[in-house]
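Worksheet: one structure, shown below.
Any value given below was found using the heavy atoms of this structure, including those in side chains, with hydrogens, waters and symmetry copies removed. None of the values given here were measured: they were computed from a predicted structure. Counting convention: from 1, in listed order, for ligands and their atoms alike.
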Amino acid sequence: MTHQLHPQTLAIRGSKEQTAYNEHHQALFLTSSFMFDNAADGAALFAKQKQGYTYSRTANPTVAAFQTRIAQLERAQAGIATATGMAAIQAALLTFLSAGDHLISSRSLFGTTAGFITGHLMRFGIQVTFVSQTDVSEWEKAIQPNTKMLFLETPSNPLGEVADLEALAKLSHKNNALLAVDNCFCSSAVQQPLKFGADLSIQSATKAIDGQGRVLGGIVCGNVDLVQQMALYVNSMGISLSPFNAWVLLSGTETMMLRVREQNESALKIAQYLQKHAKIKQVYYSGLPENPQADLVQKQQSGGGAVLAFEVYGGQAEAWKVIDSVQIFSKTANFGDVRSTITHPYTTTHGRMSPEDKAASGIGEGLIRVAIGLEYVDDLIWDLEQALAA
Ligand SMILES: *Cc1c(COP(=O)(O)O)cnc(C)c1O
């Protein structure tokens, strides 16, 4: 095809592993192993002299179709899928970091990622420096001769602070380090970190890619060389994505662009409604035009994403009252789902942080996080209105 396909088309038609039966939808290859034609064929496959499938921990056609589809949306050469988003983060970090290496990471991290870095990476002799999400000079000062990777997620959870990907990619490459970006909050529908020089884009497929709160999965995209190295790690560690989950996630991928676009529009409308509400001290949403980082957001993202946060007057007691009064929003910490969700970060997702760290990260006792789904937006506004009045 000479025509350059739009991501919305690629999300649907970007890859398919076809069988002889002419099925229209991607087939589910639910099999743990694949047969060899004869002994010599088996030897050739294992020696990698012949391309083909041997065992689903190593590779599987349904998983391969999923990897190709997401890599296209990420503008990447390739992708390697994993059992969960955390497995994707593990693969991206541990394939490229060894004992004695140094990692620089943003302080604004998903809780389990922070736990993985402080509880495990450091135990394996990898040095880590935590720096500000937004101040590039802090990253520059943290560079050491053994720095091998810079890691962050943007926008941050739940305050939506945006990191400057181009500046951090330049800094990484000047120092022979990789830039790895957790792209989960935006998803490939809204942001493609590789376009700004990132080497690795990581996603929890559990969020916007599935989009319906059903299965866990993850994927890391990058160039062929980096992805091949991670594929060997994923195979050895046994953290591959199951073919069944890949098949569910492929269906999710097909509607992701439409879902995320609608969620972005609803989230912006809700953020603007909340800004005018007398009971609300502040609204945090990267998609707001008044956001001090609006220029950077416009450069890197095609929307603000589905998640926003707001601080109510009256601290935890008032925040809990709002959460306990909603009638539509689900009280659960997931996001990217068709069902909108509401949580209190101070006592849930960020509950393990010390009060000082929470204060330093701007996680107040009155802060509420909502993740917008696909319900009719005016119904969601009605729900927040009646909950705030309670
Ligand atoms: C959910 C999430 C993860 C972890 O993904 P799982 O699929 O739950 O393992 C990592 N990073 C971010 C930003 C997330 O929101």
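- Between Y273 and H277, the ring planes are perpendicular. Angles over 60° get that label, and only those under 30° would be called parallel.
- The existence of a salt bridge linking K141 and E138 is excluded, since no basic side-chain nitrogen approaches an acidic carboxylate oxygen closer than 4.0 Å.
- With values rounded to the nearest 0.5 angstrom, L249 atom CG is found 11.5 Å from Q67 atom CD.
- Here the two rings, on F335 and F185, have centers that are under 6.0 Å apart.
- In terms of hydrophobic clustering, with Ile, Leu, Val, Met, Phe, Trp and Tyr side chains grouped at heavy-atom distances under 4.5 Å, L159 and F310 are assigned to different clusters.
- With sequence neighbours left out, T348 forms a side-chain contact (heavy atoms from CB on, under 4.5 Å) with T343.
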Between ligand 1 and the protein, which N/O pairs are shorter than 3.5 Å?
unit_1	atom_1	unit_2	atom_2	d
ligand 1	5 (O)	S204	OG	3.0
ligand 1	7 (O)	G85	N	2.8
ligand 1	7 (O)	S204	OG	2.8
ligand 1	7 (O)	T206	OG1	2.6
ligand 1	9 (O)	G85	N	3.1
ligand 1	9 (O)	M86	N	2.9
ligand 1	11 (N)	D182	OD2	2.7
ligand 1	15 (O)	K207	NZ	2.7

